[in-house]
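Here is the structure we will look at, set down as structure tokens.
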Amino acid sequence: QANLYLANLERANLYKANLIGAKMSGADLIRANLYKANLHKATLMRANLEESAMQGANLSVANLYKANLEAANMSEADLRGAYLEEADLRGAYLSGANLNKAQLEEANLSGAYLSGANLGEANLSGADLSGAYLKNVINLDTAIKCKTIFPWGEENLDCAKNQPIK
């Protein structure tokens, strides 16, 4: 498991890199090439991945808490079970990405392109999807929505379900 905590990897070429379980919190990966990289279970808390190329990357069960993914290209990426709470995904390209069971609470997805993305059982509580492109999104009906902002307004269908049992 690589330890790249706070590493400067701006514009690094990590094409198909094996970074399973890598510790990359706070790393600078602006415009990095992570095409088809394997970041399964990687820790990327507060990492800066702005404008990075992550097409087809495996980010399943990765921790991307408060990560900057603004304008990142994650088309066809595997984000199943990824932890993206409070992540910045403004203008991110997520066409065909698998976000099944991803944790996207309070994430900013405004202007993101999600055509064909799978949002099955994803937690979108408090997420901002204003201006997001959602044509052909898969399983949006099973996503958890509470104080979730969509282009058509706010949805609160699952707020009661998320309340702690007293």
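- Checking side-chain atoms of T148 against main-chain N and O of C146 turns up a donor-acceptor pair under 3.5 Å.
- Atom CG in D88 sits 5.0 Å away from atom CD in E70 (nearest 0.5 Å).
- Scored by the salt bridge (Lys or Arg N to Asp or Glu O under 4.0 Å) test, R80 finds D78 as partners (sequence neighbours excluded).
- Hydrophobic clustering of Ile, Leu, Val, Met, Phe, Trp and Tyr side chains at less than 4.5 Å, counting indirect connections, keeps I30 apart from L64.
- Hydrophobic clustering keeps I149 apart from L104 (ILVMFWY residues linked when any side-chain heavy atoms are closer than 4.5 Å, directly or through intermediates).
- The heavy-atom pair separating I144 from D158 by the smallest distance is CA-OD2, 3.4 Å.
- Looking at heavy atoms from C-beta onward, N139 lies out of side-chain contact with L119 at the 4.5 angstrom threshold.
- Considering OG of S25 and CG of N3, their distance stands at 9.0 Å, rounded to 0.5 Å.
- Cluster membership check: L134 shares its hydrophobic cluster with L79, using side-chain heavy-atom separations under 4.5 Å among Ile, Leu, Val, Met, Phe, Trp and Tyr.
- Scanning both residues, L99 and A117, for their nearest heavy atoms gives CD1-CB, 4.4 Å.
- Residues E155 and L124 have side chains not in contact (no heavy-atom distance under 4.5 Å, counting atoms from C-beta outward).
- Contact between K145 and A143 at its shortest, heavy atoms only, is NZ-O, 3.0 Å.
- The closest side-chain heavy-atom distance from N156 to K147 is below 4.5 Å.
- A single hydrophobic cluster is not seen to contain both L44 and Y83; linkage of ILVMFWY side chains at heavy-atom distances under 4.5 Å, directly or through other members, places them apart.
- Remark: the backbone N or O of S115 is paired with a side-chain donor or acceptor of S95 at under 3.5 angstrom.
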Which side-chain N or O atoms in residues 31-38 pair as donor and acceptor under 3.5 Å with protein atoms at least two apart or in another chain?
residue, atom, partner, partner atom, Å
R31, NE, E51, OE1, 3.1
N33, OD1, Y35, N, 3.0
N33, ND2, N13, OD1, 3.2
N38, OD1, H40, N, 3.1
N38, OD1, N58, ND2, 3.4

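- Residue pairs meeting the ring-ring contact (aromatic ring centres under 6.0 Å, His included) criterion with at least one member in residues 125-149, sequence neighbours excluded, are Y113-Y133.
- For the atom pair CG of L49 and CG of L29, the computed distance is 5.0 Å after rounding to the nearest 0.5 Å.
- Pairs engaging residues 134-154 under the ring-ring contact (aromatic ring centres under 6.0 Å, His included) rule: F150-W152 [sequence neighbours left out].
- With values rounded to the nearest 0.5 angstrom, L39 atom CG is found 5.0 Å from L59 atom CG.
- The distance from the CD atom of E10 to the CD atom of E50 is 9.5 Å, given to the nearest 0.5 Å.
- In this structure, L84 is a member of the same hydrophobic cluster as L140, with clusters built from ILVMFWY side-chain heavy atoms closer than 4.5 Å.
- Note that CG of L69 is 4.5 Å distant from CE of M74, once rounded to the nearest 0.5 Å.
- What you find for G131 and P151 is that their closest heavy atoms are N-CG, 3.9 Å.
- Annotation: side chain of E85 is not in contact with side chain of Q103 (no heavy-atom distance under 4.5 Å).
- Partners of N73 by side chain to side chain contact (heavy atoms under 4.5 Å, CB included), not counting sequence neighbours, listed by chain and number: Q55, S75, Y93.
- Its side chain outside the 4.5 Å cluster rule for every partner, V61 clusters with none of the Ile, Leu, Val, Met, Phe, Trp and Tyr residues.
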